[in-house]
Protein chains: 2
Amino acid sequence: MAAKAPLDADTILAATEDTLRRHGPAKATVVDVARALGVSHTAVYKHFPSKTALREAVTRRWLSRGRDTLAAIAGDTELSPPRRLRAWLTAVLAAKKAKVRDDPELYAAYGMLAAEHSSVAADHVADLLDQLRGILADGIAGGAFQAGDPAEAARAVFDATFRFHHPAHAAEWQAPGIEAELDAVCTLLLHGLQTRPTTPDLRHDHP
Amino acid sequence: MAAKAPLDADTILAATEDTLRRHGPAKATVVDVARALGVSHTAVYKHFPSKTALREAVTRRWLSRGRDTLAAIAGDTELSPPRRLRAWLTAVLAAKKAKVRDDPELYAAYGMLAAEHSSVAADHVADLLDQLRGILADGIAGGAFQAGDPAEAARAVFDATFRFHHPAHAAEWQAPGIEAELDAVCTLLLHGLQTRPTTPDLRHDHP
DNA sequence: TAGGTGACAGATTTCAAGTTCTGAAACCTG
DNA sequence: CAGGTTTCAGAACTTGAAATCTGTCACCTA
């Protein structure tokens, strides 16, 4: 006969991911997960304190896959910071787009966590902001970008590209013109970050 | 006794707006509206072909109020185009913020129409884009901005400020730091639009 | 004692019924 | 005949009872 299953956290996560994919985040229950594993639902509560914790763990793991691709671009010093910034923003859109297309249920789960201000979303955003900050810091250090605080500039770039990474706009990412629109915004932002003498009219003080 | 009510479209719109405010877009029915007017619900169908048309008309009217304030800023040639652009974007946020705060139910109605791609939302966006295009065209004509097509540039600026005008982000507008964030994005965009010689690294072609 | 069980209380979801709503029709009335 | 009415069919919503789910507890057992 088959050896007894040890039932570790990873096995549970895999089964939960599967269940989530099959039933969607709204209908997937921990009883479903337990059934898939052939155990009673209390068994999974030995490993995860709550259904929410379980969903967060699955989503976190799912988000972390493919993070390397982005981090590689952010850290690729072969590319000049401006090129790197554009490549990174394009890659973020491509990655999100692929996730929505290939895994709509899991993306929906992420969207729900984001909407309810889960730490999963906050951490994911913090991670992205940090990669962005790295690129900008490189550009500032190398003289390509002019900006005071790299973290503040990262925030501004992140804000200006909301349409291309915020889950609320996921449906629009499948539209054909979306890459061109991101490209136009990128160009504008790169011009804005570029080093050059300031002109008085751009300052915020009113006459 | 009171004179008989003529029941024109405007009276119905006012009653609908009231009903919408009282019950919210999800629960307001045309029977409610008719009750408020003291007529049978079929009477309102003499003036509006469907409940959707009624909701759209109310929302359109509600959106049009305060449009003048924005148009005035967009057309204010006293202000240089860069200042005007910042003032306009700030005013859009302020106007939307006020609408959400003072009229959450009507804003929810607008949000629903936007989500289901009603022409009300499309027209509203087109109107804003046109005002934006006007400011940018002025700036390009006057030599302050460098951009090919003003309409394309308007689209890029609109996209880059999604966080500050798209209904999906309405909840975040009440957060305290939001004006500062818009300001940072404005500064970046104004720098990006500003006239200056191009540098090769900003172009899109890959090595 | 780490990892499992079944029984349970209270919250949530489902489902079928009854109700209300939308929109059309045929019909008044000044 | 513009502007109103009642009546009606089918869709959409509400409601309340039954089923299911979450999370706890006391209890096995290797």
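Here is the naming used below: chain letters follow the sequence lines, and residue numbers restart at 1 for every chain.
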Over all heavy atoms of both residues, which pair between [X] and [Y] is shortest? Give the atoms and the distance, please.
X      : Y      : value
A/A57  : A/L13  : CB-CD2, 3.7 Å
A/G24  : A/E105 : CA-OE1, 3.4 Å
A/V120 : A/E56  : CG2-CB, 3.6 Å

- Query: Has the side chain of B/H41 got a donor or acceptor atom sitting under 3.5 Å from an opposite partner on the base of C/dG23?
  - Reply: yes
- Of B/K96, B/K97, B/R21, which meets salt bridge (Lys or Arg N to Asp or Glu O under 4.0 Å) against B/D103?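 With B/D103 as partner, B/K96, B/K97, B/R21 yield a single salt bridge (Lys or Arg N to Asp or Glu O under 4.0 Å), made by B/R21.
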Protein-nucleotide distance ([X], atom [atom1]; [N], atom [atom2]), rounded to Å:
X     : N      : atom1 : atom2 : value
B/L37 : D/dG3  : CG    : C1'   : 14 Å
B/H47 : D/dG3  : NE2   : C1'   : 6 Å
B/Y45 : D/dG4  : OH    : P     : 15 Å
A/L7  : D/dT29 : CG    : P     : 19 Å
A/F48 : D/dC21 : CZ    : C1'   : 19 Å

- Message: For B/H169 and A/H166, I'd like to know if the aromatic rings sit close, meaning centre-to-centre distance below 6.0 Å.
- Response: yes
- Message: When the axes are fitted on five pairs at both termini, how much does the helix from C/dT1-D/dA30 to C/dG30-D/dC1 curve, in 10° steps?
- Response: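 Here the local axes at opposite ends form an angle of 20°.
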- Message: Heavy-atom nearest nucleotide on DNA chain D for A/V31 versus A/K46: which residue maps closer to 5'?
- Response: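 Its nearest nucleotide lies further toward 5', so the answer is A/V31.
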- Using the six-membered ring of B/W173, assess whether NZ or CZ of B/K99 lies under 6.0 Å from its centre and within 45 degrees of the ring axis.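 No, B/K99 and B/W173 do not form such a contact.
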- Query: With respect to the phosphate group of D/dT5, does any side-chain polar atom (N or O) of B/T42 fall under 4.0 Å of OP1 or OP2?
  - Reply: no
- Message: Does a side-chain N or O of B/K51 approach OP1 or OP2 of C/dT22 to a distance below 4.0 Å, or not?
- Response: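 Yes, such a contact exists.
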- Query: Is B/T29 touching bases, backbone alone, or none of the nucleic acid, heavy atoms closer than 4.0 Å?
  - Reply: sugar-phosphate
